[in-house]
Number of protein chains: 2
Amino acid sequence: MSAAGQRAEVLIRSLREQGQRVTTGRRAIIEVVAANADLSAEEIVGFVQRDHPEVHSSTVYRTLETLEEAGLVRHLHLGHGPARWQLAADPSYRLACEGCGTVQLVPRVRFDEVRRQVQAEFGFAVAFQHFAMTGRCSACQ
Amino acid sequence: MSAAGQRAEVLIRSLREQGQRVTTGRRAIIEVVAANADLSAEEIVGFVQRDHPEVHSSTVYRTLETLEEAGLVRHLHLGHGPARWQLAADPSYRLACEGCGTVQLVPRVRFDEVRRQVQAEFGFAVAFQHFAMTGRCSACQ
DNA sequence: GCACTAGGTGCGAGCTGGTCGCATCTGGGT
DNA sequence: ACCCAGATGCGACCAGCTCGCACCTAGTGC
């Protein structure tokens with residue numbers, strides 16, 4: 001089984017262990033998110049409906065919300081436009097260029113020191129996850 | 001004249017110098033933004049219509065866009081919900097708590113070193129202005 | 001297996017936060 | 001005072017969700 005498939009199985013098991021039902025739609029949505037980072041809800045609908053055309057977009061929105069409450073996925077904003085969905089275990093932050101729209105992944109651990117300093121100075125546990133860090137990439141500066 | 005009034009006059013002059021017309025509505029919108037940081041467009045509509053009930057909300061949206069293109073104001077996102085508007089000259093970043101919604105202002109200069117490091121390591125000029133930095137305040141941790 | 005039922009789903013209406021087309025009006029140059 | 005490009009009021013429209021409701025089904029108990 002692919003790495004994405006294995007990640008999906010872990011999430012499905014965790015969902016069931018939390019007392020949630022595992023339906024065809026939920027399984028398909030989890031597989032799509034596990035295999036493709038930073039898709040929008042509508043893009044997820046598109047992928048899911050290839051194999052399961054009966055799954056409605058409102059189900060996808062509701063399932064993503066359920067999975068987020070279960071701590072399995074997370075949404076973030078890369079800029080204007082729809083939210084993007086990723087696995088909660090995703091180990092990267094996003095640098096999103098406001099010029100060309102490209103998104104650069106950087107290891108979260110690289111910002112541990114910054115987070116420590118902000119905590120010490122302002123008493124604030126900054127997360128950098130819900131919103132991408134925006135700015136200009138080297139090509140657009 | 002108040003400090004906010006003086007800031008408003010500077011912006012109005014700058015707008016005219018850029019070849020833009022200064023109308024009653026634009027003047028009122030600038031005065032509201034200069035006097036109140038981080039209002040939503042609808043809140044600005046409310047303030048403006050107290051004195052000028054004929055000013056339409058679409059005018060406020062269009063004027064804010066014009067002022068942003070002119071480099072005089074900027075919108076940012078503190079979380080979900082509507083964008084918030086501030087003067088482009090605002091010298092603070094926002095730490096927005098995802099627990100209680102409170103927003104802590106911190107001097108931009110405090111992040112100069114982080115920005116320098118991100119530039120050196122990833123070639124990315126990070127701005128921290130379009131999106132607030134989200135996380136948990138000391139009370140919510 | 002089979003029935004039962006709480007929880008999940010399809011469907012479509014509705015909502016928030018804007019964006020846009022168009023006829024009318026007006027700031028500011030002459 | 002006149003003129004007209006650019007600004008405005010108004011309402012229709014749009015993206016990106018959110019929700020109410022009737023129907024359906026996963027998973028439990030037998």
Side-chain angles (χ1 to χ4, degrees), chain A residues 11-30 32-33 38-49 51-70 72-85 130-131, chain B residues 11-30 32-33 38-49 51-70 72-85 130-131:
Chain A
L11 266 64
I12 288 165
R13 201 173 315 130
S14 171
L15 192 63
R16 205 180 329 250
E17 280 165 8
Q18 293 188 45
Q20 294 280 343
R21 290 194 194 164
V22 177
T23 63
T24 311
R26 288 184 169 188
R27 183 180 292 275
I29 291 161
I30 287 171
V32 168
V33 175
D38 296 3
L39 294 182
S40 70
E42 285 307 319
E43 287 166 348
I44 294 168
V45 169
F47 276 102
V48 168
Q49 288 186 345
D51 290 335
H52 305 279
E54 78 284 3
V55 174
H56 197 269
S57 65
S58 65
T59 296
V60 172
Y61 283 104
R62 283 187 289 221
T63 296
L64 289 169
E65 190 183 351
T66 301
L67 296 176
E68 188 162 43
E69 283 167 6
L72 303 180
V73 307
R74 170 198 306 132
H75 79 273
L76 82 163
H77 303 275
L78 295 177
H80 292 152
R84 305 266 151 195
W85 294 84
H130 184 201
F131 289 133
Chain B
L11 267 63
I12 288 165
R13 202 174 315 129
S14 171
L15 192 62
R16 205 182 327 254
E17 281 165 7
Q18 294 188 44
Q20 294 280 344
R21 290 192 194 166
V22 176
T23 62
T24 312
R26 289 184 170 189
R27 184 180 291 275
I29 291 161
I30 287 171
V32 168
V33 175
D38 297 2
L39 295 182
S40 70
E42 286 306 319
E43 286 167 349
I44 295 169
V45 169
F47 277 102
V48 167
Q49 288 185 346
D51 290 336
H52 306 278
E54 78 283 3
V55 174
H56 198 269
S57 64
S58 64
T59 298
V60 172
Y61 283 104
R62 284 187 289 221
T63 297
L64 290 169
E65 191 183 351
T66 300
L67 296 176
E68 189 162 41
E69 282 167 7
L72 303 180
V73 307
R74 169 199 308 132
H75 79 273
L76 81 164
H77 303 275
L78 294 177
H80 292 152
R84 305 266 150 195
W85 294 84
H130 184 203
F131 289 133

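Here is how names work: the chains are called A, B, and so on, in the same order as the sequence lines, proteins then strands, and each is numbered from 1.
As a whole-Å value, the separation of A/E65 CD from C/dG7 P is 16 Å. We find that CZ of A/R62 is positioned 8 Å from C1' of C/dG8, with the value rounded to whole Å. A/R26 has its CZ atom 14 Å from the C1' atom of C/dG10, to the nearest Å. In this structure, B/H56 atom NE2 and C/dC25 atom P are separated by 16 Å, rounded to whole Å. Rounded to a whole Å, the OH atom of B/Y61 is 12 Å from the P atom of C/dT16. Atom-to-atom, CG of B/L64 to P of C/dG17 comes out at 15 Å; the value is rounded to the nearest Å. Per the geometry, CD belonging to A/E54 stands 14 Å off C1' belonging to C/dC11, to the nearest Å. Atom CG of B/L78 and atom P of C/dG17 are 13 Å apart (whole Å).
Under the side chain to side chain contact (heavy atoms under 4.5 Å, CB included) test applied with A/T63, the options A/R26, A/R27, A/Q20 reduce to a single match, A/R26.
Using a 4.0 Å heavy-atom criterion, one finds that B/G81 contacts the sugar-phosphate atoms exclusively. Within the 4.0 angstrom heavy-atom criterion, only backbone atoms of the sugar-phosphate kind lie near A/A83; the bases stay farther away. Note on B/S58: a base of the nucleic acid sits closer than 4.0 angstrom, heavy atoms only.
The side chain of A/S57 places no N or O atom within less than 4.0 Å of a non-bridging phosphate oxygen (OP1 or OP2) of C/dC11.
Across its full length, the helix from C/dG1-D/dC30 to C/dT30-D/dA1 shows an angle of 30° between the axes of its 5 terminal pairs at either end, rounded to 10 degrees.
Between the side chains of A/H77 and B/H130, not a single donor N or O lies within less than 3.5 Å of an accepting N or O.
Note that the first and last nucleotides of DNA chain D, 5' to 3', having any atom under 4.0 angstrom from a heavy atom of chain A are D/dG16 to D/dG27.
Of the residues in residues 12-20 of chain A, those lying under 4.0 Å from DNA chain C by heavy-atom distance are A/Q20.
The heavy-atom pair separating B/S57 from B/Q49 by the smallest distance is N-NE2, 4.4 Å.
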